[in-house]
Peer 1: 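The structure follows.
Here is the naming used below: chain letters follow the sequence lines, and residue numbers restart at 1 for every chain.
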Amino acid sequence: MTRRAFALLLLAPLWLPAATLEQLSLDDLIRKSTAVVRGRVLSSYTSSRGALLYTHSRIQVLESWKGASGAEVNVAIPGGAMNGFRQAFSGAPKLTEGSEYVLFLWAGKSGMIQVIGFSQGVFGVTRDGQGESVNRAAATETMLNSSGRPVEDADVRMSLAELRDLVRRTLASPQK
Amino acid sequence: MTALGAVSLASGYYHFVHFATRSAPFIPIAEKFDLSALTNRTVYFHIAEQGPVQQATGDSFPALVSQIRLAARVWNEVNSSELRIRFGGLAAPDLPQTSPGIDVIFDEVPPGLIAAGGPTARSEAITGPDGTFVPITRSVVMLPRNLSQSQSFSESFFLSLVHEFGHALGLQHAMTSSVMSTGLTRATTKSRPLAADDIAGISLLYPARGWAGTVGTIAGRVLANGEAVHGASVVAISPQGIAISTLTIPDGTYRVDGLPPGSYFIYAHPLPPPFAGEASPANIVLPLDADNRPMPVAGPFETRFYPGVRDPQQAVPVSVTAGAAVEGVNFSVQRRSPLQVYAVQTYSFPGQSAVNPAYLAIGGPRSFLVASGIGLVANGAPAPTLGVSVMGGAASVPPGGVRAYAPDTRFLQVDFQFNPFTVEGPRHLLFTTSSDLYIRPSGLVIAQRQPPSIAAITPGVDDAGTRIAAISGDRLSVESQVLFDGAPALVRGVEAGNLVVVPPPGPPGHRARVVVLNPDGQSSLFLQAASPALYDYPAEETPSFSIQPASLPAGAEAMVEVTAVDARLSGGNPTLGFGSSDVRIKDFWVLGPNRMLANVAVNPPASPVGTTVTLASGIQLLSQPFGFRIQPANPRQLYLQGLALDPARSGGPVQIRVANLVDPPPANLQATLNGVSVPVASAGRGLITLQIPAGFAAGPAVLRLQAGDEAALPWVLAIEPPLPVVLAISAATPALIHAGRPAVPGELLQITVSNLAEAGASVASSRVNVTIGGIDHSVTQVAPAGNPAGAHQVHLYLGPLPSGVHPLTVTIDGRTSAAYPLPVRP
């Protein structure tokens, strides 16, 4: 086997489960998001936008790590229930009222704010005797992104402080 | 409407499932389209007319639409499903619609999301002729407005489209490497987009008549440490063939339905844990209880083959027969710590690109695959105690054949040896460690030869002036399918070593990506993914079209005539769409390259709106925003609405429903067919009976009805060809068969039949079916008969039949003759 063969392997795209997703590394999440916040879900409601239902979660912003945000941010996630109808997308994240998350958010031209990469941009925040931590299940193997390059996925089982610091360091460093 | 919990036909398959209660008994109720609410059991999909704002270099909206149509066609062609899926044209955004349908939209989606699909369903179940279900009202396939990173011709994008359409129809993720599996483990291709599991899944939701009697069921229960396991995946797997699966319901029971007769090993395994941000195990939308609360699935347990063994060599196969269920295939497993090995992807290297799924050609240049996944590699070496093997013995992993992939030790390399009798097809891989077992269905696909490739495409014109293309390359044959973007070409044959095809219609000046699909599942994209062959359509006049009438009232049914210029409707699988599920094509006829007739029905509660009319043929895509208008309902307008009884044939009566016909009807009813007056035999109670003149030509005929001062909107009556008539039967000598000279089993019979086909036309024997005494007989030859003129002779050897007079019928293209008495004496 030659090195050339490995290079060929990298041409293969990675399609993540669910909806069809492109895997985003933590670096991607930080850089491609327009805002990163730590917040608590205050309430949720559903609205329609054309053929789509969106579940909107009002997030009380506890910390803002990237982007400008006020005391609250309204995050829209495809799917939901409204007026006797229910729309479901496999892989769409669910934000639980009262729970705390670190959210990697993205605002399009319409101004609607969504979670980046479906579930990939949602990190639950938990507290135990050792403090606050984030607990998104991690991709422990090196995988490939849609451009065929290996995704250097960081361990996301870390303390909240570590994630905060990682976001700040990433934003402060030049893009690779 | 009934409460959840009534009788359901659904199993616990990977559908979007509801339960009436949180305690036993559990009856799964699936979300699905209500077939009884769909004309011709057809659901329309519409593509947002604004399209994406950005596409990849060289890509185009017509090319993308052709791929979307091809993806939908994959589900449309599942014969064991009654649901049909049809392109309803481009659609304006936010159009109010009252009928069920599928919207393909381009929306503002964040990075990381390539496509999504899902059903929109009512919150309550209903009970209809097809059982109890939760009706899907509209479904969505969502694509990004920015498609600059997705080539529409690619294998992966196409399979994503098929996958998302599957969600839109009511399917969830499966664990069998089918198209409804997640992208991590999917093993289908553009050439073979569906696996047996996909076909079973869609057929269980929308079973075709008689299908249930052709397949069998395996049922049982999964207990872990004595407790019911909800959400265990149970897979019936044939070592050298298919895999079909299901999920256990909350009481731990399962039914693997839709199994073709045969022998299967059964294994139960836990769903993989949420992976890299997934919302739930395997990203499955969890079943909902009566309060629409998700019902969580069980945690990990030990994977086991029936009857509770880890080693597949010790597994006991279960034999499945058609129309029967094998009950009591139970599992008692132990709960365990989190899984070590799962989500394994496999790649092969047939040429310059890695291919997923891994196809290996026997005798090909490389006989290994590269795998990545959770738990395969640790510290640059295979995980401790990791072993890889192949189910069924068609291939084996030699000693030392599992190692870290030398160029990059984050991957695993697996070598294979093939036995001399290996046949092509999918093979299932077993990944084992001392504490784990992971089965990857279709982790390896064996092929007899390398993928096809295209060297050059030479455009030309044949003697009849038809545009053709000669394709040179390797491993091309008449069995290959050739796609120009997403539109199939007509394969003419092989001439001078080239595959000669008739390209589908395409836009003037369009550059199409050409891909060859071979029946073994491989495509030219395996070797030419980055640079597919190109075909340039000539820069000709831009085609155009008009329709008449361009508006109809809600509730109306009428003929719409399409007149086009340079449209090349023949040979391009043409479709007329009105951009709304409320405007349905009941039937259509292409009468030439530039003319089409269609019977169109407007849903009675439809809102008065303007819709987009689309005429698509091949890659060609013509549309007229606001080209059609739904008008308010007109309760006085007469509409012809379809046949009440048998098809119309020349010389016979035909009964037609008429909406808004007063009772008693006016005495002076007048009808014409293609301008020829036809007698109205009777009228009343919303029906008229016409007498079709003898000798009236078969084909579409425009029917006009005048009732006093009121004229019905024109409507197309399809005149069917006359039924075949058996005139005489002779033996080869020849000797006319009659009571005094009965036929003898084993002798060659010549059946003289009229109305079989056009006079003098050649007829393939495969089109003709002859039944004698209820037994099908194989037709050896069909030839025009000299006497009487216009008849044909059908030849066959008489099978073993007892003495007596047996009814003989001749069928061609669904038309069956009256029974002819055939005397037989052995």
Peer 1: Output the option from A:S110, A:S48, A:P78, A:G79 having the highest count of non-hydrogen pairs under 4.5 Å with chain B.
Peer 2: A:S110
Peer 1: Please report the interatomic distance CG(B:L113) to CZ(A:F118), rounded to the nearest 0.5 Å.
Peer 2: 5.0 Å
Peer 1: What are the two closest non-hydrogen atoms of B:G118 and A:F89, and how far apart are they?
Peer 2: N-CE2, 3.7 Å
Peer 1: Atom CG of residue position A:D128 - does it have more than 12 heavy atoms of other residues, nucleotides or ligands inside 6.0 Å?
Peer 2: yes
Peer 1: Look at atom CG of B:D291 and say whether more than 12 heavy atoms of other residues, nucleotides or ligands are closer to it than 6.0 Å.
Peer 2: yes
Peer 1: If you round to the nearest 0.5 Å, how far is CZ of B:F16 from CZ of A:R86?
Peer 2: 11.5 Å
Peer 1: What's the separation between atom CD in B:E164 and atom OG in A:S90, rounded to the nearest 0.5 Å?
Peer 2: 8.0 Å
Peer 1: Taking every non-hydrogen pair under 4.5 Å, which of B:V140, B:D103, B:D94 racks up the most with chain A?
Peer 2: B:V140
Peer 1: Please identify, among A:A81, A:A107, A:G108, A:S33, the residue contributing the most non-hydrogen atom pairs under 4.5 Å to chain B.
Peer 2: A:G108
Peer 1: Which atom pair, heavy atoms only, marks the closest approach of B:V109 to A:Q114?
Peer 2: CA-NE2, 4.2 Å
Peer 1: Which atoms of B:D107 are under 4.5 Å from chain A, going by heavy atoms: the side chain, the backbone, both sets, or neither?
Peer 2: side chain
Peer 1: Identify the two heavy atoms, one from A:I116 and one from B:P110, that lie closest to each other, and give their separation to 0.1 Å.
Peer 2: CA-CB, 3.9 Å
Peer 1: Taking atom CH2 of A:W106 and atom CD of B:E108, what is their separation to the nearest 0.5 Å?
Peer 2: 4.5 Å
Peer 1: Just verifying a value: how many Å separate A:L52 CG and B:I105 CD1, rounded to the nearest 0.5 Å?
Peer 2: 3.5 Å
Peer 1: Looking at chain A, which one of B:I284, B:T137, B:L159, B:I136 has the largest number of heavy-atom pairs inside 4.5 Å, strictly under?
Peer 2: B:T137
Peer 1: Would you give the length of the straight line joining atom CZ of A:F85 to atom CZ of B:R138, rounded to the nearest 0.5 angstrom?
Peer 2: 11.0 Å
Peer 1: Measure distances from B:P119 to the heavy atoms of chain A and classify the residue's part below 4.5 Å as side chain, backbone, both or neither.
Peer 2: both
